[in-house]
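Only heavy atoms go into these numbers, but all of them, side chains included; no hydrogens, no water, no symmetry mates. Not measured: the values here are computed from a predicted model.
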Amino acid sequence: MKRILTVVVLVGLVLILSDLSTRIWGGKDEHGGGEKKWVLQMDMTVAQFGKANGLPNPMLKKAFELQSKQDLQKPLSAFGLTEEQVRAKASKFSALAAEHGSKNWQKILIKFGLWFVWLAAILAGLRKGLVTEKNRSWLLLVAVVLFGVILGSDPSPMGTVKDAIVLYARDRAVFPPRMIAFGVFMLLVILANKLICSWGCQLGTLQDLLFRIMQRKTGTAVIKPAKLTFAVTNTIRIFFLAVFTGVVFKMGFDIIGTIDPFKIFNPKMLGWSGGIFVAVVLIASCIVYRPWCHLFCPFGLVGWLGEKISVFRIRIDRDTCTDCKACVKACPSNVMDSYLEKKAPAPDCFACGACIETCPVKAISFAAKTPTGTGPSDVTE
């Protein structure tokens with residue numbers, strides 16, 4: 001009962017303090033774009049079209065490739081475009097402007113700077129075996145508070161994939177800062193496993209923390225944890241991404257946007273559907289390790305692919321390993337079983353460090369090279 005109360009209090013504090021934090025930062029809607037009805041007649045001048053739809057002259061200049069101010073007085077029909085093409089051009093540049101205007105760039109720069117420092121510290125801790133059961137929950141709590149409660153729901157690794165798909169599907173637009181962020185996240189995955197998901201993602205660390213609270217070894221676990229089969233979880237994740245992409249391209253409807261669990265860090269944006277889904281994810285997190293990451297997250301799927309060529313990752317010294325399976329029992333997912341048995345494809349590894357801590361002969365490390373050259377990561381991928 002004490003653990004359940006701890007979980008309820010923690011989630012309540014996350015909601016209350018996140019709402020306060022968004023108000024302090026200015027309470028911006030961190031997602032731009034959206035549907036817009038255009039006032040459009042082909043005999044309108046470019047200037048009239050811009051005024052009727054709230055489009056500034058610099059945007060009109062880019063959209064219609066105007067050469068001078070006088071071109072603003074040209075009728076839309078003079079550009080050899082159809083009404084649909086005019087709407088498409090206006091939608092694209094309007095969406096990009098809305099995306100740019102929705103971002104708190106100061107907060108984003110601070111967040112990325114802190115991510116680099118924090119993940120470098122975690123990487124050093126994993127390499128030295130300093131991430132243990134005693135401090136793991138505290139480290140996760142720091143990440144939740146810092147990257148979620150204080151610095152908000154945006155940016156997030158998931159958003160770089162989801163929002164990029166939505167923006168292109170609706171407006172055929174690509175937002176360069178988002179692509180840069182995605183590139184940075186993928187470089188982090190390639191450098192050191194999925195540390196950005198494991199220790200930097202605000203929702204991932206919250207799920208992980210709830211799981212640890214309910215399943216920690218001291219005393220008896222409230223509910224026995226469930227390790228879902230990777231074939232099932234990854235199939236669902238691929239299917240979900242395919243459905244999400246198909247629906248947004250066909251209908252313009254953002255499925256994830258209505259249930260986005262990252263909005264727990266921006267509670268005013270949670271509707272009924274979002275609130276119910278967040279509750280389900282958080283409750284499931286007490287039993288299943290990182291359910292959103294394994295079952296739904298678009299970046300989780302992409303990051304899983306990038307994880308296969310990570311430089312720093314879990315390595316096993318086969319000459320030292322006694323095959324006692326202590327790491328398999330300690331691992332919150334099925335990844336260590338796959339590594340030991342050299343099963344491919346291996347599930348997502350979230351570099352929690354439990355296997356390193358548990359191994360009685362110190363055969364497991366988080367390193368750039370397997371001591372024997374035949375570790376599971378070298379073989380299964």
Side-chain angles (χ1 to χ4, degrees), residues 2-7 9-11 13-14 114-115 117-150 157 188 192-227 281-282 284-294 300 303 307 310 312-316 326-337 339 347-360 362-367:
K2 183 179 178 181
R3 298 187 194 192
I4 295 175
L5 181 60
T6 301
V7 166
V9 170
L10 174 62
V11 172
L13 287 174
V14 166
L114 290 175
W115 261 329
V117 173
W118 176 251
L119 296 180
I122 293 294
L123 175 58
L126 287 169
R127 286 177 51 73
K128 295 179 180 179
L130 299 178
V131 179
T132 66
E133 185 181 359
K134 292 182 178 180
N135 62 27
R136 188 175 292 110
S137 292
W138 290 107
L139 292 172
L140 290 168
L141 180 61
V142 169
V144 170
V145 172
L146 184 58
F147 301 115
V149 173
I150 296 176
L188 289 173
N193 199 255
K194 294 175 76 171
L195 283 194
I196 184 61
C197 299
S198 317
W199 297 97
C201 173
Q202 51 271 48
L203 181 65
T205 49
L206 178 58
Q207 293 174 92
D208 205 323
L209 179 57
L210 296 182
F211 182 86
R212 303 291 174 179
I213 291 173
M214 295 299 290
Q215 306 298 336
R216 65 178 181 267
K217 292 180 180 179
T218 53
T220 304
V222 175
I223 305 173
K224 186 178 180 180
K227 292 188 178 183
V281 168
L282 298 184
S285 297
C286 297
I287 309 168
V288 178
Y289 187 61
R290 293 177 173 251
W292 170 262
C293 307
H294 283 109
E307 180 187 349
S310 292
F312 290 96
R313 47 185 161 169
I314 292 295
R315 308 280 183 173
I316 301 176
C327 58
V328 175
K329 295 177 183 178
C331 181
S333 69
N334 294 308
V335 65
M336 286 311 297
D337 180 58
Y339 281 1
D348 306 62
C349 174
F350 287 96
C352 68
C355 56
I356 299 172
E357 177 189 7
T358 306
C359 182
K362 306 302 178 185
I364 303 175
S365 60
F366 196 77

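Formation of a donor-acceptor pair under 3.5 Å by the Asn135 side chain with backbone atoms of Thr132 is found in this model. A distance-only check finds a donor-acceptor pair linking the side chain of Lys194 to the backbone of Gly300 [under 3.5 Å]. Side-chain atoms of Thr205 come within 3.5 Å of backbone N or O of Gln202 as a donor-acceptor pair. A donor-acceptor pair under 3.5 Å is formed between the side chain of Lys227 and the backbone N or O of Cys331.
Side-chain contact between Trp199 and Asp208 is absent, with no heavy-atom pair separated by less than 4.5 Å. Contact of the Asn193 side chain with the Phe312 side chain is not registered, since no non-hydrogen atoms from C-beta on lie closer than 4.5 Å. Contact check for Leu282 versus Leu206: side-chain heavy atoms found under the 4.5 Å cut-off. Contact check for Ser285 versus Arg290: no side-chain heavy atoms found under the 4.5 Å cut-off. Taking 4.5 Å as the limit, some side-chain heavy atom of Tyr339 sits within range of a side-chain heavy atom of Cys349. Here the side chains of Glu357 and Arg136 are in contact, with some heavy-atom distance below 4.5 Å. Looking only at side-chain heavy atoms (C-beta outward), Leu123 and Leu119 stay at 4.5 Å or farther from each other. Using a 4.5 Å cut-off on side-chain heavy atoms (C-beta onward), Pro332 and Cys352 make contact.
Closest of all the heavy-atom pairs between Ile213 and Arg3 is O-CD, 3.3 Å. Closest approach of Ala330 and Thr358 over heavy atoms only: CB-OG1, 3.2 Å. Here the closest heavy-atom approach between residue Ala367 and residue Arg127 is recorded as CA-NH1, 3.7 Å. The heavy-atom pair separating Arg313 from Ser310 by the smallest distance is NE-O, 2.9 Å. Across Ile364 and Cys327, no two heavy atoms sit closer than the pair CD1-CB, 3.6 Å. Considering all non-hydrogen atoms of both residues, Cys355 and Ile314 come closest at SG-CD1, 3.6 Å.
The CG atom of Leu188 sits 11.0 Å away from atom OG of Ser198, with the distance rounded to the nearest 0.5 Å.
Taking the six-membered ring for Trp and thresholds of 30 and 60 degrees, Tyr289 and Phe350 have ring planes more than 60 degrees apart, a perpendicular arrangement.
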Next on the checklist: Apply side-chain contact (heavy atoms from CB on, under 4.5 Å) to residues Met214 and Thr6 and explain how you reach the verdict.
Outcome noted: CA-CA 9 Å; Met214 295 299 290; Thr6 301; over 6 Å; no
Determine whether Leu195 and Leu126 satisfy the following criterion, side-chain contact (heavy atoms from CB on, under 4.5 Å), listing intermediate values before the conclusion. CA-CA 10 Å; Leu195 283 194; Leu126 287 169; 3.7 Å; yes
Applying side-chain contact (heavy atoms from CB on, under 4.5 Å) to Ile316 and Met336, what does each step give before you reach the verdict?
CA-CA 10 Å; Ile316 301 176; Met336 286 311 297; 3.9 Å; yes
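Judged by the 6.0 Å distance and 45° axis criteria, Arg315 is not positioned over the aromatic ring of Phe366.
Just one of Leu139, Leu10, Val14 meets the side-chain contact (heavy atoms from CB on, under 4.5 Å) condition when paired with Leu209; it is Leu10. Checked against Phe211 for a side-chain contact (heavy atoms from CB on, under 4.5 Å), the options Pro225, Cys286, Ser137 give a single hit: Pro225.
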